[in-house]
Amino acid sequence: MTIPEFNDIIEQNDQTTARREHLEKLRELVGNCYPNKFARSAVSGPEDTITSLLNFGPIGDVLIEIKEVVATLAERERPPAEIKDALNERLKELGTVRISGRLAVPPRVMGKAAFVHLSDGISRMQIYVRKQDAVAISNDTGNSIESEDSGWELFGLLDHGDFIGVEGFLFITNTGELSVHVEKLQFLAKAMLPMPDKMHGIADPEIRQRQRYADLIASSLQIEHEGMTTREVFETRARVISSLRRCLEDKGYIEVETPMLTPKATGAAAKPFETHHNALDMTLYARIAPELYLKRLVVGGFEKVYELNRNFRNEGISYKHNPEFTMLEFYCAYMDVNGMMDFCEELLRESVRNATGHSKVMYEGNKIDFSTFEKITMREAILKYKPDAQIDDSTMIGLFDEFVEHNLIQPTFIIDFPKSISPLSKASPENPNIAERFELFINGMEVANGFSELNDPKEQYERFVDQMSERERGDEEAMVLDEDYIRALSYGMPPAAGIGIGIDRLVMLLTNKHSIRDVILFPHLRPERGSSDTENNQ
RNA sequence: GGUCCGAUAGCUCAGUCGGUAGAGCAAAUGGCUUUUAACCAUUGGGUCCCAGGUUCGAGUCCUGGUCGGAUCACCA
């Protein structure tokens, strides 16, 4: 395998050449172009981002006042000088501030003064640099550079996307924008590559997903965008996940981590990824579900247990399937399928509201209402959409997939699954052929799957044996017998209900994204052509 | 895997009937001391995805391929 040259990794063109030349001149001016730190303003407290500065009380008050004034003005009209001057007096009393960030726009230079915005990834703040009063800081000594107009020289070598730190005082410009009048200027890091287009962002979905960092930059730099920005999507995702954790922990659930690499891939109907442990010389499988491990913990006395982590399935990729996906699984002792449906509903309603602020979300033109969940048996659902259907246990799931699934837009629990396709699920007390199992569908997608957990070790063994004979007949996804799990159940497991919730799909619904790859930061993609990744695969 | 659509400057895109390759943004140079998609002037920048074919001549038509997207089938 050949090691690629730096210049082959970073495509060279007029843009990168200009930036490299700027970097060389910066090195002559300030020394080290990659200093180790920058001490930011203490005005706003320990969190010294631009965002926290803008939210700092006295500054926030000025911002509100100037916004109110600007709102009364015509398109190009400027705020009255006396109002501006009064606000500037108040800002001056706050003293100097020190902010740092990425140049969010190309510098706007006007002869002997210039404006540019710095971004902290969330908010941006304008800085004003005047040739006569900006001094550059040497990164080697930490002191001011005494050469004439050093700050102005430094500013002239900046490119869109570079990181700088500045010290200065706050003021309101003629057009009414809060800005920092820069007195000291320190170079912090270079952007060797040009920034994404400020109007269009990154149009190519492949680059958006492959170079998520560039997508995130684009989403913070882009002037106009439809729907959520990429950053907002992942902030929403983080809020859902933290809300789910909070709700579960409020109810007394404990978070655990069970093996990702397992000697047997079981607990779900899926094909696993296979790998090899060299020292032990054994085949290991990336887990397809944590289910059987979590129930071992119920056996061990964890009455309420959850795991929120990745599963891996070696199957097709589609708008709703990624080879690794995030699943929340939890188990509650002494609960049955009905209690689990109630809790699932409560949990989702709460987390959706915490993540979005609403109980209803717009998804692809449908208003999805998380405040009421429907419940219908699989048989009734099939007859609703296909009244002449001939239903038996073997045809039921096929009929459901074909005629029902895509119609389930509002949150709907499908209940009463055939026992034959639910090998880990308890049978209904009323009907031995029906499993006490549900799946939750929203917008035609399966979002959750839960059931009353089978805890009779003998019956579980027999179900596994049935699965193994399905496997013999060629069903690669039939479950594998797990002897240790049978042994665990034999120690006795209390009645329990469990559920798995597909987090990626839930996030798709909350962010109005049609593709699972838009809600996973680094989704699986084919190796990039010409990269050393492809050589590794040969 | 099937079907449909796409690939042109660093980015976003246009390119008529087959006849010398275009715009905006970005970049470079000059001007401009409160601008904000800053502005004005000038300049540079192309393997038109790859290979082959038809033609006097192909970004454009044909065949094959690569990559990507949408969709269908399997799957959570």
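Everything quoted here is computed from the prediction, not taken from an experiment. All values below were derived from every heavy atom in this structure, side-chain atoms included, with hydrogens, water molecules and symmetry-related copies excluded. So you know, we letter chains A, B, ... as the sequences are listed, proteins then strands, and number each from 1.
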Check whether any side-chain N or O of [X] sits under 4.0 Å from OP1 or OP2 of [N], and answer yes or no.
| X | N | result |
| --- | --- | --- |
| A:His514 | B:G69 | no |
| A:Lys198 | B:A26 | yes |
| A:Arg517 | B:G69 | yes |

Verdict with supporting geometry, A:Glu291 and A:Glu329, side chain to side chain contact (heavy atoms under 4.5 Å, CB included): CA-CA 7 Å; A:Glu291 169 148 3; A:Glu329 277 202 19; 3.5 Å; yes
Distance in angstrom units between [X] [atom1] and [N] [atom2], rounded:
| X | N | atom1 | atom2 | answer |
| --- | --- | --- | --- | --- |
| A:Phe273 | B:C75 | CZ | P | 17 Å |
| A:Tyr128 | B:A38 | OH | P | 17 Å |
| A:Leu103 | B:A26 | CG | P | 14 Å |
| A:Ile397 | B:C75 | CD1 | C1' | 12 Å |
| A:His406 | B:C72 | NE2 | C1' | 13 Å |
| A:Met110 | B:U33 | CE | P | 9 Å |
| A:Asp149 | B:U33 | CG | P | 13 Å |
| A:Glu206 | B:C49 | CD | C1' | 13 Å |

Would [X] and [Y] pass as an ion pair if we require N to O under 4.0 Å?
| X | Y | result |
| --- | --- | --- |
| A:Lys375 | A:Glu345 | no |
| A:Glu470 | A:Arg473 | yes |
| A:Glu436 | A:Lys426 | no |
| A:Lys190 | A:Asp159 | yes |
| A:Asp215 | A:Arg210 | no |

If you measure from the [atom1] atom in [N] to the same atom in [M], how many Å do you get, rounded?
| N | M | atom1 | value |
| --- | --- | --- | --- |
| B:A38 | B:C32 | C1' | 11 Å |
| B:C56 | B:A14 | C1' | 28 Å |
| B:G57 | B:G45 | C1' | 27 Å |
| B:G1 | B:C11 | C1' | 35 Å |
| B:G10 | B:G18 | P | 28 Å |
| B:C13 | B:G69 | P | 15 Å |
| B:U43 | B:A9 | C1' | 15 Å |
| B:G6 | B:C75 | P | 32 Å |

What string of B, S and - do you get for nucleotides 5-15 of chain B 5' to 3' if you count protein non-hydrogen atoms under 4.0 Å? -----BBSS--
Could you tell me whether [X] contacts a base, only the sugar-phosphate backbone, or nothing, with contacts defined as non-hydrogen atoms closer than 4.0 Å?
| X | answer |
| --- | --- |
| A:Lys271 | nothing |
| A:Tyr319 | nothing |
| A:His160 | nothing |
| A:Ala268 | nothing |
| A:Asn322 | base |
| A:Val116 | nothing |
| A:Arg124 | nothing |
| A:Arg313 | base |
| A:Glu477 | sugar-phosphate |

Please figure out whether A:Ala113 or A:Gly176 has its closest RNA chain B nucleotide nearer the 5' end.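 Nearest-nucleotide comparison on RNA chain B picks A:Ala113.
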Residue closer to the 5' end of RNA chain B, A:Asp401 versus A:Asp159 (nearest nucleotide):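 Between the two, 5'-proximity favours A:Asp159.
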Evaluate the ring planes of A:His514 and A:Tyr319, with Trp represented by its six-membered ring, and classify them as parallel (under 30°), tilted (30 to 60°) or perpendicular (over 60°).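 Ring orientation, 0 to 90° scale: parallel.
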When the ring planes of A:His181 and A:Phe169 are compared, do they come out parallel, tilted or perpendicular, using 30° and 60° as the limits?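 Aromatic pair A:His181/A:Phe169 classed parallel.
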Candidate nucleotides B:C74, B:A38, B:U33, ranked by approach to the side chain of A:Arg108 - the nearest: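 Among B:C74, B:A38, B:U33, the one nearest the side chain of A:Arg108 is B:A38.
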Counting only side-chain heavy atoms from C-beta out, which of B:C32, B:A27, B:A28 sits nearest to A:His22?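 So the side chain of A:His22 is nearest to B:A28.
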Tell me yes or no: between the side chains of A:Glu307 and A:Thr258, is some donor less than 3.5 Å from an acceptor?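 Per modelled atom types, A:Glu307 and A:Thr258 side chains form a pair under 3.5 Å.
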Run A:Met378 and A:Asp416 through side chain to side chain contact (heavy atoms under 4.5 Å, CB included) and show every step you take. CA-CA 6 Å; A:Met378 185 176 280; A:Asp416 290 2; 5.6 Å; no
Between A:Glu453 (side chain only) and A:Gly498 (backbone N and O only), is there a donor and an acceptor less than 3.5 Å apart?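 Confirmed, A:Glu453 side chain pairs with A:Gly498 backbone.
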Donor-acceptor contact present, side-chain A:Ser351 to main-chain A:Leu348, <3.5 Å: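 A pair under 3.5 Å: no.
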Please, what dot-bracket string fits RNA chain B when only Watson-Crick and G-U pairs with both distances under 3.5 Å count, crossing ones use [ ] and pairs to another strand use |? (((((((..((((.....[..)))).(((((.......))))).....(((((..]....))))))))))))....
